[in-house]
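All residue numbers in this chain count up from 1 along the given sequence. In what follows, every heavy atom counts, from backbone to side chain, and hydrogens, waters and symmetry copies are set aside.
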Amino acid sequence: LKVNFAPFLDEESNRVGIVFVLQDITEAQKLENMRREFVANVSHELKTPITSIKSYTETILEGRVDDPELQKVFLEVVNTEADRMSRLVSDLLELSNFDSNSTKIKKSVQNLDVLIDNCILKLQVTADQKKQVFTKHYSIPPIVANIDKDKIEQVILNILSNAIKYSVEAGTIDIELRLGEDETEFDIVIRDTGMGIPDEDLGRIFERFYRVDKARTRAHGGTGLGLSIAKEIVEAHQGRIRIESEVNYGTKVTICLPFDMKNV
Ligand code: ADP
């Protein structure tokens, strides 16, 4: 709470009282803290790969690795870390475009079944490697909606790859397509049988850089920005995204979007 005060004067400049201004700065303070935390996070996320790239390249440049095979292993680490930095920077740029309202949503009529199948196809190899099986159950016939295909595909891909990443081997990832609570909307519901998210983390899961287990999720190659980007995209479509979870049982993500067919 910020308090300012000033004398209150009448027409003849006699002091007749004092004006107190009480200003609630908690909101401003909260924003400032969030901004600081964000900058600290970005710096940390960039510093980790940079440190690793520097140490591997220096070791090679100093001639300390004679074995060409080992040199190759080192260069592969450098390459992976550079990829990670590149992913991080493109995710940050994407979020910054949302922040400045310069993201363009390019809608067109899309068949949702085809869109979902496309996403499954792109992740099939990764899912097979972890013996994860995709199942679909649609409570409505295949439908069309007016959406930004690339962006909604990006959301579904992110949710599905999280489902794969945060599940142990041999699980099921189910994709349900159904009418929303309001018939002008539809839901895409993605359920996994993975490790789940503890209750205390659920409320913060859409925050930028928020991860349940930093070390482990970083090892998966994630930037910690996927869900915040997904939320921005869904909200730019006037939709909603929600996540429910139970530790050791699995996670359920519901993406609710308007059909928006009247604008076609
Ligand atoms: P990341 O790049 O780390 O995957 P996300 O923003 O996509 O970032 O997800 C944020 C965090 O939420 C993850 O680090 C993970 O801890 C948790 N999470 C997301 N999806 C799931 C899931 N299906 N099961 C368990 N944990 C999940």
### Task
Please report the C-alpha distance between Lys149 and Leu115 in whole Å, then the side-chain angles of each, then the deciding distance to 0.1 Å, and finally whether the side-chain contact (heavy atoms from CB on, under 4.5 Å) criterion is met.
CA-CA 8 Å; Lys149 173 178 174 277; Leu115 187 88; 3.7 Å; yes

### Task
Take Asp174 and His137 through the side-chain hydrogen bond (donor to acceptor under 3.5 Å, both in side chains) test and state the conclusion after the steps.
CA-CA 7 Å; Asp174 183 67; His137 80 269; 2.8 Å; yes

### Query
Which hydrophobic side chains are connected to Val39, either touching it within the sub-4.5 Å cutoff or through other members that do?
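For Val39, no cluster forms, as it stays isolated from other hydrophobic side chains.
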
### Message
Can you list, by chain and residue number, the hydrophobic cluster partners of Leu22 when the side-chain cut-off is 4.5 Å?
### Response
Val3, Phe5, Ile18, Phe20

### Query
Pairs in or reaching into residues 135-144: which pass salt bridge (Lys or Arg N to Asp or Glu O under 4.0 Å), with residues at least two apart or in two chains?
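Passing the test, one end in residues 135-144: Asp113-Lys136, Asp117-Lys136.
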
### Message
Enumerate the salt bridge (Lys or Arg N to Asp or Glu O under 4.0 Å) contacts for residues 179-188, please, sequence neighbours excluded, ordered by first and then second residue.
### Response
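Listed by first then second residue: Arg178-Asp187, Glu185-Arg240.
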
### Message
Are Ile120 and Val133 linked, directly or through intermediate hydrophobic residues, by side-chain heavy-atom contacts shorter than 4.5 Å (ILVMFWY only)?
### Response
no

### Task
Find out if a path of hydrophobic residues (ILVMFWY) with successive side-chain heavy-atom gaps under 4.5 Å connects Tyr249 to Val247.
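Tyr249 and Val247: separate clusters.
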
Rounded to the nearest 0.5 Å, what separation is found between the [atom1] atom of [X] and the [atom2] atom of [Y]?
X	Y	atom1	atom2	value
Leu160	Asp192	CG	CG	9.5 Å
Lys131	Ile164	NZ	CD1	14.0 Å
Gln238	Glu235	CD	CD	9.5 Å
Glu153	Lys122	CD	NZ	3.5 Å
Lys165	Met195	NZ	CE	11.0 Å
Ile175	Ile173	CD1	CD1	7.5 Å

### Residue pairs passing the ring pair (Phe, Tyr, Trp, His ring centres under 6.0 Å) test where at least one lies in residues 71-93, sequence neighbours excluded
Tyr56-Phe74

Quick one: do the [X] and [Y] side chains pair a donor with an acceptor below 3.5 Å?
X	Y	value
Ser43	Glu45	no
Asp150	Gln154	no
Gln129	Glu169	no

### Query
Is the number of heavy atoms from other residues, nucleotides or ligands under 6.0 Å of Tyr138 OH greater than 12?
yes

### Message
Tell me if the CE atom of Met34 is crowded by more than 12 foreign heavy atoms within 6.0 Å.
### Response
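Check fails, neighbour count at 12 or below.
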
Given side chains that start at C-beta, do those of [X] and [Y] come closer than 4.5 Å, heavy atoms only?
X	Y	value
Ile255	Ile159	yes
Glu176	Ser139	yes
His44	Thr48	yes
Lys252	Ile190	no
Ile241	Phe206	yes
Leu179	Ile143	no
Val109	Ile147	no
Ile152	His237	yes

### Residues forming a side-chain hydrogen bond (donor to acceptor under 3.5 Å, both in side chains) with Ser167, sequence neighbours excluded
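For Ser167, no residue satisfies side-chain hydrogen bond (donor to acceptor under 3.5 Å, both in side chains) once neighbours in sequence are set aside.
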
### Task
Identify, with sequence neighbours excluded, every residue that meets side-chain hydrogen bond (donor to acceptor under 3.5 Å, both in side chains) alongside Lys107.
Asp260

### Task
Give the intermediate values and the outcome of salt bridge (charged side-chain N to carboxylate O under 4.0 Å, His left out) for residues Lys47 and Glu81.
CA-CA 11 Å; Lys47 207 162 184 323; Glu81 294 300 302; over 6 Å; no

### Task
Tell me, please, which residues at least two apart from Glu62 pass side chain to side chain contact (heavy atoms under 4.5 Å, CB included).
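Counting only residues at least two positions away or on another chain, Glu62 forms a side chain to side chain contact (heavy atoms under 4.5 Å, CB included) with Glu58, Arg64.
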
### Query
With a 4.0 Å cut-off, would you call Glu207 and Lys231 a salt bridge?
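A salt bridge is absent here (no side-chain N lies under 4.0 Å from a carboxylate O).
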
Identify the two heavy atoms, one from [X] and one from [Y], that lie closest to each other, and give their separation to 0.1 Å.
X	Y	answer
Arg84	Gly222	NH1-O, 4.1 Å
Gly224	Ser228	O-OG, 4.3 Å
Pro198	Val212	CD-CG1, 3.9 Å
Ala145	Phe186	CB-CE2, 3.5 Å

### Test log, rule side-chain contact (heavy atoms from CB on, under 4.5 Å), inputs Leu227 and Asn162
CA-CA 9 Å; Leu227 283 179; Asn162 277 349; 4.0 Å; yes

### Task
Look at the side chain of Ser245 and the backbone N and O of Gly250, then say whether any donor-acceptor pair between them is shorter than 3.5 Å.
yes

### Task
Please confirm whether the backbone N or O of Glu69 pairs with a side-chain atom of Asp67, one donor and one acceptor, at under 3.5 Å?
yes

### Leu112/Val144 under side-chain contact (heavy atoms from CB on, under 4.5 Å): CA gap, chis, key distance, verdict
CA-CA 6 Å; Leu112 297 173; Val144 292; over 6 Å; no

### Query
Where do Gln124 and Asp128 land on the side-chain hydrogen bond (donor to acceptor under 3.5 Å, both in side chains) test, with the steps shown first?
CA-CA 6 Å; Gln124 194 67 62; Asp128 287 347; 3.2 Å; yes

### Task
State which residues pass salt bridge (Lys or Arg N to Asp or Glu O under 4.0 Å) with Asp91; sequence neighbours excluded, sorted by chain then number.
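Asp91: no salt bridge (Lys or Arg N to Asp or Glu O under 4.0 Å) contacts found.
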
### Task
Would you please test Arg208 and Asp99 for salt bridge (charged side-chain N to carboxylate O under 4.0 Å, His left out) and show each step?
CA-CA 13 Å; Arg208 297 173 184 188; Asp99 290 346; 2.9 Å; yes

Applying ring pair (Phe, Tyr, Trp, His ring centres under 6.0 Å), can you list everything that pairs with [X], at least two apart in sequence or on another chain?
X	answer
Phe98	none
Phe134	none
Phe38	Phe209

### Task
Applying side-chain hydrogen bond (donor to acceptor under 3.5 Å, both in side chains), run through Ser108 and Gln110 and close with a yes or a no.
CA-CA 6 Å; Ser108 60; Gln110 295 296 322; 2.8 Å; yes

### Task
Report the C-alpha distance between Leu46 and Met85 in whole Å, list the side-chain angles of each, state the deciding distance to 0.1 Å, and finish with yes or no for side-chain contact (heavy atoms from CB on, under 4.5 Å).
CA-CA 6 Å; Leu46 284 173; Met85 283 166 64; 4.2 Å; yes

